[in-house]
Amino acid sequence: MSNVEQQRYFSKNLLEWYLKNRRDLPWRRHRNPYYIWISEIMLQQTRVDTVIPYFNRFIERFPTITDLANAPEQDVLKCWEGLGYYSRARNLQYAAQQVLDLHDGLVPNDKESVIALKGVGPYTAGAILSIAYNQPEPAVDGNVMRVLSRYFLIEEDIMKGSTRTLMEKLVVELIPEGQASHFNQALMELGALVCTPKSPYCLTCPVMEYCEARITGKEGDLPLKSKSKPPRPEQRIVGLIEGQGAHTGQLLIRQRPESGLLARMWELPHVLSPISRGARLVDQQAQEVLSVELLTEGIPATPVEHFMDAEHIFSHIRWNLQVYRCKEEVKQHLIAESATTYGVEDEAEIGDSMTEYRWIGKEDMQLYAFPNVFLKIANAYFEEQHTK
DNA sequence: AATCCGGGGTC
DNA sequence: GACCCAGGATT
């Protein structure tokens, strides 16, 4: 069998398999470039089953590009809450504004314009151009690299950029005339349903007959992939600060900086332990560290007791969280003083004035976007208050 | 080219 | 508990 025959067999059988076996997914029910774009951004590093409910809620809340472009950023983040990689959401909204400004509100269909959109790289650009506009562009994601590395026995590290480039050239050769949309989706569908990372279902594979990895028994060893470093541990002490007086039943939250990790998301106040390197502090020490932090930040509160421990693993950092219940100190004389000075009973300034702090009740959780860890902690707290 | 960005799944 | 999945931006 020649290389050309091996390629023809692959493209033909894969396409036929896909047309019979493709899943009914929300973004496949229309050929709406906006829907395809949203779905492709959400599907980066995220499985289909996780994305489906987020996708449905997202297009219900932001039915058109204009709706997305004009929405408050917090609304977009709230819709993304729990999905992770929040820069995807912020970039998506920025790109929606790009589309309004530069392309009359229509997702562009030329390569240069598509890849110029924030958050759209080589993979997503290829996905949009091929799936939405049926252009013969490669869309090489992890699924595609796994399928191709096995079928064609490509023993190159898929983490290398040069390997992706090689795969892209191969895909262009493989796309059947006029079938870019179905074919690219077929490649990914096979990777998701049959040619899975571990124990692939070779016996039901439509292209098993000429799959070189299966023939040589190497399907379990491919693709080749260099290992990433383990996340560095960080011990963090969290203040679960209960309001008193006017803030009874409320918790103190703050907004994260506008760039970096979890940018502009909301969280419970916490501090990196300066003492340990990932090791748990005894409660006494942790409360000491937290006390200093509260004082430095100008938060009028004192740690009372341990509430819970929690863990949050990012790809590069592992947060070990020790959470302490704290009581707000109501300074009677300060309130009286500010009332006479300003004529109102306003809040004392908390923090460095760059950081936004807010007291919120259980109902207000709906209004702010939190990373999953803090969602869990705050919900555990409000749940406990409820049953008390 | 190397590092920064979340969260969920399987075994 | 160990391991897996893995696009784009930034530097």
Side-chain angles (χ1 to χ4, degrees), chain A residues 37-54 77-95 98 114-128 131 137-149 156-165 167-168 184 187-188 191-193 195-201 220-234 256-267 278 310-321 369-376:
Chain A
W37 177 25
I38 301 297
S39 70
E40 288 302 334
I41 299 293
M42 286 187 172
L43 286 164
Q44 291 168 7
Q45 276 83 14
T46 315
R47 342 171 73 84
V48 166
D49 290 342
T50 307
V51 165
I52 290 173
Y54 280 91
L77 283 176
K78 189 66 188 175
C79 233
W80 211 270
E81 183 182 73
L83 202 52
Y85 284 106
Y86 300 97
S87 65
R88 291 186 295 174
R90 291 181 287 110
N91 288 340
L92 186 58
Q93 189 181 27
Y94 184 93
Q98 286 181 292
V114 173
I115 209 153
L117 298 175
K118 201 104 181 184
V120 175
Y123 163 73
T124 308
I128 292 171
I131 298 174
E137 292 290 333
V140 175
D141 71 349
N143 287 308
V144 174
M145 288 202 277
R146 187 170 57 254
V147 169
L148 296 181
S149 69
E156 301 280 338
D157 183 355
I158 60 166
M159 296 303 280
K160 281 167 43 186
S162 56
T163 307
R164 208 204 66 223
T165 309
M167 301 266 186
E168 286 174 348
N184 277 347
L187 271 173
M188 295 188 267
L193 299 180
C195 198
T196 50
K198 280 187 281 188
S199 51
Y201 304 96
D221 305 327
L222 290 172
L224 257 49
K225 190 172 175 258
S226 52
K227 301 246 183 254
S228 54
K229 294 193 305 181
R232 66 171 187 274
E234 283 184 2
R256 293 183 59 84
E258 49 190 281
S259 64
L261 185 67
L262 303 168
R264 289 201 278 273
M265 300 283 285
W266 291 79
E267 64 180 6
E311 184 185 65
H312 195 59
I313 303 173
F314 305 92
S315 37
H316 59 308
I317 310 172
R318 175 204 187 95
W319 275 2
N320 298 313
L321 304 180
F370 297 91
N372 268 349
V373 227
F374 296 112
L375 217 47
K376 273 179 206 152

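Residue numbers begin at 1 in each chain, while the letters A, B, ... track the order of the sequences.
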- Query: Hey, what do you get for CG (A:Leu321) to CD (A:Glu234), rounding to the nearest 0.5 Å?
  - Reply: 10.0 Å
- Item | Side-chain (A:Asn184) to main-chain (A:Glu137) donor-acceptor, under 3.5 angstrom | yes
- Message: So if I take residues 38-46 of chain A and measure heavy-atom distances to DNA chain B, which residues fall below 4.0 Å?
- Response: A:Gln45, A:Thr46
- Quick one: does A:Pro223's side chain get under 4.5 Å of A:Met145's, heavy atoms only? no
- Could you give the distance separating B:dG6 and C:dT11 at their P atoms, to the nearest angstrom? 15 Å
- Message: Using heavy-atom distances to pick each residue's nearest nucleotide on DNA chain B, tell me which of A:Arg47 and A:Ile317 is more 5'.
- Response: A:Ile317
- Task: Anything under 30° is parallel, anything over 60° is perpendicular, the rest tilted; go ahead and classify A:Phe314 against A:Trp319.
- Result: perpendicular
- Query: Base, sugar-phosphate, or nothing for A:Asp141, non-hydrogen atoms under 4.0 angstrom?
  - Reply: sugar-phosphate
- Message: Under 4.0 Å, counting only non-hydrogen atoms across every strand here, what does A:Gly161 touch: a base, just sugar-phosphate, or nothing?
- Response: nothing
- Could you tell me which residues satisfy salt bridge (Lys or Arg N to Asp or Glu O under 4.0 Å) with A:Arg164, sequence neighbours excluded, listed by chain and number? A:Glu168
- What is the nucleic acid contact for A:Ile313, judged by heavy atoms within less than 4.0 Å: base, sugar-phosphate only, or nothing? base
- Item | Whole-angstrom distance between C:dC3 and B:dC5, as gauged at atom P | 25 Å
- Message: Could you tell me the boundaries of the chain A footprint on DNA chain C, defined by atoms under 4.0 Å from its heavy atoms?
- Response: C:dC4 to C:dT10
- Query: Across the strands shown, which category fits A:Arg318 at heavy-atom distances under 4.0 angstrom: base, sugar-phosphate, nothing?
  - Reply: nothing
- Task: For B:dG8 versus C:dA9, give the span between their C1' atoms, rounded off to a whole number of Å.
- Result: 23 Å
- Item | A:Phe374: partners by ring pair (Phe, Tyr, Trp, His ring centres under 6.0 Å), with sequence neighbours left out | A:His270
- Task: Give A:Tyr85 one of three labels, base, sugar-phosphate or nothing, depending on what nucleic acid heavy atoms sit under 4.0 Å from its own.
- Result: base
- Message: So A:Arg146 and A:Pro197, do their side chains get closer than 4.5 Å, heavy atoms only?
- Response: yes
- Task: List the steps, then state whether side chain to side chain contact (heavy atoms under 4.5 Å, CB included) holds for A:Tyr54 with A:Thr46.
- Result: CA-CA 11 Å; A:Tyr54 280 91; A:Thr46 315; over 6 Å; no
- Query: When you compare C:dA6 with B:dC11, how far apart are their P atoms, in angstrom units rounded to a whole number?
  - Reply: 15 Å
- Message: Students often get this wrong, so: under 4.0 angstrom with heavy atoms, is A:Ser87 touching a base, only sugar-phosphate, or nothing?
- Response: nothing
- Message: Reading DNA chain B in the 5' to 3' direction, which nucleotide is the first one with an atom under 4.0 Å from a heavy atom of chain A, and which is the last?
- Response: B:dC4 to B:dG9
- Task: Tell me what A:Lys160 touches on the nucleic acid: a base, only sugar-phosphate, or nothing, going by heavy atoms under 4.0 Å.
- Result: nothing
- Where at least one partner belongs to residues 77-88 of chain A, residue pairs that pass salt bridge (charged side-chain N to carboxylate O under 4.0 Å, His left out), sequence neighbours excluded: A:Lys78-A:Glu81
- Query: Do other residues, nucleotides or ligands put more than 12 heavy atoms under 6.0 Å from A:Glu311 CD?
  - Reply: yes
- Query: Looking at side-chain heavy atoms only, is the closest gap between A:Thr124 and A:Gln44 below 4.5 Å?
  - Reply: yes
- Message: I'd like to know if the side chain of A:Arg256 reaches the main chain of A:Glu267, judged simply by a donor and an acceptor atom lying under 3.5 Å from each other, with no hydrogens or angles considered.
- Response: no
- Message: Return whichever of A:Gly260 or A:Ser199 has its heavy-atom-nearest nucleotide of DNA chain B closer to the 5' end.
- Response: A:Gly260
